[in-house]
Chemist: 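I have a structure I would like to understand better, so I am pasting it below and will then ask my questions one at a time.
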Amino acid sequence: MKKKQTMEQLLVHILLILICAISLLPFLSMVSTSFMKVKGVLPNEPIILPKLPLYTKNYVKVWFSGHFQTYFLNTVIVTAGGVFINLFVSVTMAYSFAKFKFPGKEFLFNILLLTMMIPAQLAMISQYTVLNGLHLIDDYKGIWLLWGGTCAAGSTFFYRGFFEAIPRELEESMYLDGASRLQTLLHCIIPLSKPAIATQVVFALNGYWSNLFDILTFTKSMNKRTLSVALQLFRGQHTTEFGRLFAASTIVILPNILLFILFQKQFIKQGLTEGAVKE
């Protein structure tokens, strides 16, 4: 029986390795091509490993051309602000829905979930009208307000399930020690919900970092645009310069990969509250 289970696990691991290898081939080809002087026509066979010596001028030319540094900094600013606002709004709302009792709680929560069914394009005109009335068009504060209001429903739903699973006895023990609601949230609920928060933060970072629709709609000046717009412009200007084009794509994608690697340990943490309360 054990040999059969071991063989099944081995086959599953081999299958997963093959799937990962196939999935990584396009990415490896893109990164390898970015270190080569390729212009005009791509080779017939995909480039898995770049030829030595590495041609690093593609990255230098991309970084110092077309205000790419400004676009990168803009992306960092708008993404960090959007994630912070989303995290603040969704965590506080989820804590209220999970731990407080008030009239109409479930009704309000269901209304919040219904907003997830509204397509972004359908709400664009009303969102633009509101932000324009607040003089927040072409202003990152408007985009942060938009993301905090429209993108928090899914995160709130996700966090609520985690918050409700935390034993109430842990909170009550902190109340007996004189902790306030805010202290309980900061020092009990949030630390025990790190896997959920890390997961949603990575999803939010990925969505905000590569967001093109909102940036094009709610910003006007070029010095407010982000990497998603810069990559589209760069693609139009350097259509056949594949080395530079793939270098620009790698710069845009790399932060998301690094953040996933940074937060991946949080994804596998389980049983944080197991054994915390004795029955």
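All figures in this text were calculated on a predicted structure; none of them were measured in a lab.
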Chemist: Please say whether more than 12 non-hydrogen atoms of neighbouring residues, nucleotides or ligands are located less than 6.0 Å from OH in Tyr55.
Modeler: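 Check passes, neighbour count above 12.
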
Chemist: Quiz question: by atom type and distance under 3.5 Å, do the side chains of Tyr59 and Ser34 form a donor-acceptor pair?
Modeler: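 Distance-only check passes for Tyr59 and Ser34.
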
Chemist: Can the ring centroids of Tyr95 and Phe100 be said to lie less than 6.0 angstrom from one another?
Modeler: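 Centroid distance Tyr95-Phe100: below 6.0 Å, so yes.
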
Chemist: Decide ring-ring contact (aromatic ring centres under 6.0 Å, His included) for Phe68 and Phe64; before the verdict, give the C-alpha distance in whole Å, the side-chain angles of both, and the deciding distance to 0.1 Å.
Modeler: CA-CA 6 Å; Phe68 216 81; Phe64 291 101; over 10 Å; no

Chemist: At their closest point, which heavy atom of Ile189 faces which heavy atom of Ile166, and how far apart are they?
Modeler: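 Smallest heavy-atom distance, with atoms named: O-CD1, 3.8 Å.
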
Chemist: Assess, by modelled atom type and distance only, whether the side chains of Asp138 and Ser221 contain a donor and an acceptor separated by less than 3.5 Å.
Modeler: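 Yes.
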
Chemist: Any donor-acceptor pair under 3.5 Å linking the side chain of Ser29 with the backbone of Leu25?
Modeler: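 Checking the backbone N and O of Leu25 against the side chain of Ser29, no donor-acceptor pair under 3.5 Å is found.
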
Chemist: Please report the shortest heavy-atom distance between Arg244 and Val62, naming the atom on each side.
Modeler: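 Nearest pair, atom of Arg244 first, then Val62: O-CG2, 3.4 Å.
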
Chemist: Do the side chains of Ile197 and Phe162 get nearer than 4.5 Å, heavy atoms only?
Modeler: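 A side-chain contact under 4.5 Å is absent here.
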
Chemist: Using only atom types and a distance under 3.5 Å, with no angle test, would you say the side chain of Asp177 pairs donor to acceptor with the backbone of Ala179?
Modeler: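 Here the side-chain-to-backbone pair does not exist.
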
Chemist: Can you see which heavy atom on Ser210 is nearest to which on Ser228, and at what distance?
Modeler: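 Nearest pair, atom of Ser210 first, then Ser228: O-CB, 3.9 Å.
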
Chemist: Whether the side chain of Ser126 engages the backbone of Ala123 through a donor-acceptor N/O pair (distance < 3.5 Å, no angle test) should be reported.
Modeler: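 Answer holds: yes.
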
Chemist: Closer than 4.0 angstrom, basic N to acidic O: yes or no for Glu164 and Arg160?
Modeler: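 Salt bridge flag = yes for Arg160 with Glu164.
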
Chemist: Looking at every heavy atom in both Lys105 and Phe97, which two are closest together, and how far apart are they?
Modeler: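 Result for this residue pair: NZ-O, 3.2 Å.
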
Chemist: Atom OG1 in Thr184, atom CD in Glu172: separation rounded to 0.5 Å?
Modeler: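 Separation between the atoms: 10.5 Å.
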
Chemist: Say you draw a straight line from CG of Leu227 to CG of Asn211; how long is it, rounded to the nearest 0.5 Å?
Modeler: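 One finds 12.5 Å between CG of Leu227 and CG of Asn211.
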
Chemist: Closest heavy-atom contact between Pro191 and Leu186?
Modeler: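 Closest heavy-atom pair between Pro191 and Leu186: CD-O, 3.3 Å.
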
Chemist: In this structure, are over 12 heavy atoms from other groups packed under 6.0 Å from Ile125 atom CD1?
Modeler: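 Result for CD1/Ile125: open.
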
Chemist: Should Leu10 and Leu18 be counted in the same cluster of Ile, Leu, Val, Met, Phe, Trp and Tyr side chains packed under 4.5 Å apart?
Modeler: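 Per the 4.5 Å side-chain linkage, Leu10 and Leu18 are co-clustered.
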
Chemist: Rounded to the nearest 0.5 Å, how far apart are CZ of Arg181 and SG of Cys188?
Modeler: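 That separation rounds to 11.5 Å.
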
Chemist: Would Phe246 and Val31 satisfy side-chain contact (heavy atoms from CB on, under 4.5 Å), going step by step from the backbone distance to the final call?
Modeler: CA-CA 7 Å; Phe246 288 166; Val31 175; over 6 Å; no

Chemist: How close do Asn74 and Arg225 get, heavy atom to heavy atom, and via which atoms?
Modeler: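 So the minimum-distance heavy-atom pair works out to ND2-O, 2.9 Å.
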
Chemist: Dump the intermediate steps for side-chain contact (heavy atoms from CB on, under 4.5 Å) on Ile111 and Leu114, then the final yes or no.
Modeler: CA-CA 5 Å; Ile111 293 296; Leu114 284 175; 4.1 Å; yes

Chemist: About how many Å separate CD1 of Ile137 and OG1 of Thr219, when rounded to the nearest 0.5 Å?
Modeler: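 Going from OG1 on Thr219 over to CD1 on Ile137, the span is 9.0 Å.
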
Chemist: Show your working on side-chain contact (heavy atoms from CB on, under 4.5 Å) between Val78 and Trp147 and close with a plain yes or no.
Modeler: CA-CA 10 Å; Val78 72; Trp147 287 348; 3.9 Å; yes

Chemist: So which pairs with a foot in residues 171-196 pass ring-ring contact (aromatic ring centres under 6.0 Å, His included), sequence neighbours left out?
Modeler: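 Non-adjacent pairs meeting ring-ring contact (aromatic ring centres under 6.0 Å, His included): zero.
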
Chemist: Do Thr56 and Phe35 have side chains that approach each other closer than 4.5 Å (heavy atoms only, starting at C-beta)?
Modeler: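 Contact flag for Thr56/Phe35 side chains = yes.
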
Chemist: Under 3.5 Å, side-chain donor or acceptor atoms of residues 83-94 against the rest of the protein: list the pairs with distances, not counting sequence neighbours.
Modeler:
from  : atom 1 : to     : atom 2 : distance (Å)
Asn86 : OD1    : Ser155 : OG     : 3.4
Asn86 : ND2    : Cys151 : O      : 3.0
Asn86 : ND2    : Tyr208 : OH     : 3.2
Ser90 : OG     : Asn86  : O      : 2.5
Ser90 : OG     : Leu87  : O      : 3.4
Thr92 : OG1    : Phe88  : O      : 2.7
Thr92 : OG1    : Val89  : O      : 3.0

Chemist: Is it true that a side-chain atom of Asn132 and a backbone atom of Tyr128 form a donor plus acceptor pair closer than 3.5 Å?
Modeler: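 Between the backbone of Tyr128 and the side chain of Asn132 there is no qualifying donor-acceptor contact (under 3.5 Å).
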
Chemist: I want to check something: taking the side chain as every heavy atom from C-beta on, are Met30 and Ile253 in contact at a cut-off of under 4.5 Å?
Modeler: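 A side-chain contact under 4.5 Å exists here.
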
Chemist: Any non-hydrogen side-chain atom of Leu259 less than 4.5 Å from a side-chain atom of Val201?
Modeler: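 SC-SC contact between Leu259 and Val201 ruled out.
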
Chemist: Please report the interatomic distance CG(Leu15) to CD1(Ile19), rounded to the nearest 0.5 Å.
Modeler: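 Interatomic distance, Leu15 CG to Ile19 CD1, rounded to 0.5 Å: 4.0 Å.
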
Chemist: Would you say the side chain of Phe163 lies within less than 4.5 Å of the side chain of Leu192, judging by non-hydrogen atoms?
Modeler: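 No, too far: nothing below the 4.5 Å cut-off.
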
Chemist: Are any non-hydrogen side-chain atoms of Val229 and Tyr71 less than 4.5 angstrom apart?
Modeler: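 Heavy-atom side-chain distance check fails, nothing below 4.5 Å.
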
Chemist: Which residues satisfy the ring pair (Phe, Tyr, Trp, His ring centres under 6.0 Å) test with Phe72, sequence neighbours excluded?
Modeler: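 Applying ring pair (Phe, Tyr, Trp, His ring centres under 6.0 Å) to Phe72 gives Trp63, Trp209.
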
Chemist: For the residue pair Lys224 and Tyr140, would you count it as a cation-pi contact if the rule is NZ or CZ under 6.0 angstrom from the ring centre and within 45 degrees of the ring axis?
Modeler: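 Yes, Lys224 and Tyr140 form such a contact.
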
Chemist: Would you say Ile77 and Trp144 make side-chain contact, with heavy atoms under 4.5 Å?
Modeler: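 Yes, side chains in contact.
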
Chemist: Take a 6.0 Å sphere around CZ of Phe102 and say whether it holds more than 12 heavy atoms from other residues, nucleotides or ligands.
Modeler: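 Buried by this count: over 12 neighbours within 6.0 Å.
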
Chemist: To the nearest 0.5 Å, what is the distance between OG1 (Thr75) and CD1 (Ile251)?
Modeler: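 Taking OG1 in Thr75 and CD1 in Ile251, the distance rounds to 11.5 Å.
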
Chemist: Has the side chain of Ser180 got a donor or acceptor atom that lies under 3.5 Å from a matching backbone atom of Gln183?
Modeler: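 Here the side-chain-to-backbone pair exists.
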
